[in-house]
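As the structure is a prediction and not an experimental result, all values here were calculated from the model.
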Amino acid sequence: MEKIGQHPNTSSVSDSEIQLDAGSTNTGVSQQATGKQLTAIIFILALATKMFLLPIFLIQATGRDGYIILAIYCVVDLISLVPMLIALRLCNLDFFELMNSVLGKVGAKISVGLIGLFLFFKLNTAVAEILAFYGSNVFTDFDTTLMIVVLLVFMVAVGTHTLRAICRLNELIVPAIVLCLTVLVAIVVMTSFDLANILPAVHEPKTFTYGLLKHASWLGDFTPLVLFVGRTKTKKLTPLFAAGAGVIGTGLAVFFALVLCAAFGNVPSLVDRTTNLSTILQYSVGNVYGRLDMFSSIVWSVATFIESALFFYCVCRCTAFVIGKNAHTVISICVCVAVYVVQVFALTDPMIFSVTVTSTVCSIAVPVFTLAIPLLTFICALIYKRKSKTGGTK
């Protein structure tokens, strides 16, 4: 008998791709992402939301020590990336089929349902940050409600396509993001910020500990990679390059947070959600070439759209698996409605958003899921591989 997870070889993908069971990535072709595309996705996930509101919240809470907390969060995320990459290398079975094979139908649905709820929370966090950034810095007179609608239309388009489509879109955008980040780094180097402002480090341990424990909601950016399990053409060095992309992405996030801490760490009362890297670079290179910093900031911020799209895609696939129906269009619309309700009636007020993401429940639950999801995937991949060797997955 054919082993679970094996699919007929297909040399090309037509517009009417064969759909798999509920929760699949919308195509009959087993491998939809390449190692290069996975590396690009990880780079985006590593820095996207960690460069928006998080540095501001950390400066408000801990002053000049904010970048240290961000660095700790980045290390935790990188640690969680390791078992995920190993699972990607070990297993050639779709994530949902893997859960079914190892945990059984009931256990798989419960696990995937919890993962879906966590990803829905992360999705709303990313969307709230997008709206805050663009509403305060780019489209100051633009109706936030209309902005959400435009964003959700993009989400529906993502939810009804394949994982391959997201990977290709990201692959096209990443070079522009890298270029803009390079421009920003060059401008920062030219300005010669006084990094002595970040010293002394951890001068108030209680405040530092409070900030560290209260802002854990920004962990877990690599959890959407579960959908790449069994769907990625990995090579021997793919995990190494992917991990390197994660290190570079998180390193950039910490670097820019350090710059913000050097500029505002001693005056945290002056920082609010309108503060961003572009604000402190406004006069750094003069106006001879225009606002290169603002242009670069806006372009690299597109990375957050990609991250939120991936979270949205994962939520839709988890929902499809739990309810047992592959109605991707209907599910995408329903998830969009849910996001709209949360954003408009719950998270529109910046104070409510801040209180929510720094609540005790979120500060405990998010780190747990951040480590539990990749560990669960890794353990299930090990079990499946062992069962495959003994002929137990026929």
Side-chain angles (χ1 to χ4, degrees), residues 13 25-27 29-52 74 77-78 80-89 94-95 119 122-123 126 129-130 154-155 157-159 161-185 218 220-256 296-314 317 373-374 377:
V13 183
T25 53
N26 240 6
T27 175
V29 179
S30 60
Q31 293 181 327
Q32 299 180 46
T34 64
K36 184 169 67 172
Q37 290 171 336
L38 173 67
T39 301
I41 285 285
I42 288 176
F43 175 74
I44 293 301
L45 292 176
L47 60 84
T49 55
K50 286 185 171 66
M51 288 176 61
F52 263 18
C74 288
D77 266 341
L78 289 174
S80 72
L81 179 62
V82 174
M84 190 73 79
L85 291 176
I86 296 175
L88 281 165
R89 185 66 179 162
D94 178 83
F95 173 72
L119 293 172
K122 292 291 296 181
L123 167 64
E129 292 204 66
I130 290 173
F154 167 68
M155 297 290 187
V158 168
H161 282 76
T162 65
L163 184 63
R164 173 183 280 117
I166 298 178
C167 291
R168 286 176 175 174
L169 175 63
N170 182 71
E171 194 174 21
L172 290 172
I173 294 174
V174 160
I177 294 174
V178 171
L179 176 61
C180 289
L181 287 171
T182 302
V183 171
L184 288 175
V185 170
W218 277 267
D221 288 333
F222 295 129
T223 48
L225 294 178
V226 293
L227 282 193
F228 286 80
V229 175
R231 296 281 169 181
T232 308
K233 299 175 184 177
T234 59
K235 298 180 180 179
K236 186 175 181 180
L237 295 179
T238 295
L240 183 62
F241 285 117
V247 171
I248 294 172
T250 54
L252 283 171
V254 173
F255 171 74
F256 287 121
S296 298
S297 296
I298 292 174
V299 174
W300 82 254
S301 67
V302 175
T304 312
F305 285 89
I306 298 296
E307 179 169 1
S308 61
L310 192 56
F311 279 122
F312 181 88
Y313 187 82
C314 289
R317 294 301 173 266
I373 292 174
T377 308

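Residue-environment remark: CZ (Arg168) stays at or below the threshold of 12 foreign heavy atoms within 6.0 Å.
The minimum heavy-atom distance linking Phe305 with Phe154 is given by the pair O-CE2, 3.8 Å. Thr49 and Glu307 get closest at one heavy-atom pair: N-OE1, 3.4 Å. The nearest pair of heavy atoms linking Ala87 to Thr377 is CB-CG2, 3.8 Å. Taking each heavy atom of Ile130 and Ser308 in turn, the nearest pair found is CD1-OG, 3.8 Å.
Residues passing the side chain to side chain contact (heavy atoms under 4.5 Å, CB included) test with Pro374, sequence neighbours excluded: Ser80, Pro83, Met84. For Phe255, there are no ring pair (Phe, Tyr, Trp, His ring centres under 6.0 Å) partners at least two apart in sequence or on another chain. Considering only residues two or more places apart in sequence or on other chains, Cys74 meets the side chain to side chain contact (heavy atoms under 4.5 Å, CB included) condition with Lys50, Leu70, Thr250, Val254. Listed by chain and residue number, Trp218 satisfy the side-chain hydrogen bond (donor to acceptor under 3.5 Å, both in side chains) test with Glu129 (two or more places apart in sequence, or in another chain).
Contact annotation: the side chain of Asp221 approaches that of Lys122 to within less than 4.5 Å [non-hydrogen atoms, C-beta and beyond]. You'll find the side chain of Leu181 reaches within 4.5 Å of the side chain of Leu47, heavy atoms only. Within the 4.5 Å cutoff, the side chain of Met155 has heavy atoms near those of the Leu123 side chain. Side-chain atoms of Leu227 and Leu310, non-hydrogen and from C-beta on, never get closer than 4.5 Å to each other.
Distance CG/Leu45 to CG/Leu225: 5.5 Å, rounded to 0.5 Å. We find the CG-OG1 distance between Leu119 and Thr223 to be 5.0 Å, quoted to the nearest 0.5 Å. Atom-to-atom distance recorded for Ile373:CD1 and Phe95:CZ is 7.5 Å, nearest 0.5 angstrom. Between the CG atom in Leu81 and the CG atom in Leu85 there is a gap of 4.0 Å [rounded to 0.5 Å].
Although no hydrogens or angles enter the test, the distance criterion places a donor-acceptor pair under 3.5 Å between the side chain of Arg317 and the main chain of Gly159. A distance-only check finds a donor-acceptor pair linking the side chain of Tyr313 to the backbone of Leu163 [under 3.5 Å].
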What donor-acceptor contacts under 3.5 angstrom involve side-chain atoms of residues 34-44, with partners at least two apart or in another chain?
residue, atom, partner, partner atom, Å
Thr34, OG1, Gln37, N, 3.2
Gln37, OE1, Thr34, N, 3.0
Gln37, NE2, Glu171, OE1, 3.0
Thr39, OG1, Gly35, O, 2.9

For residues 237-246, which side-chain donor-acceptor pairs fall under 3.5 Å, sequence neighbours excluded?
residue, atom, partner, partner atom, Å
Thr238, OG1, Lys235, N, 2.8
Thr238, OG1, Lys235, O, 3.4

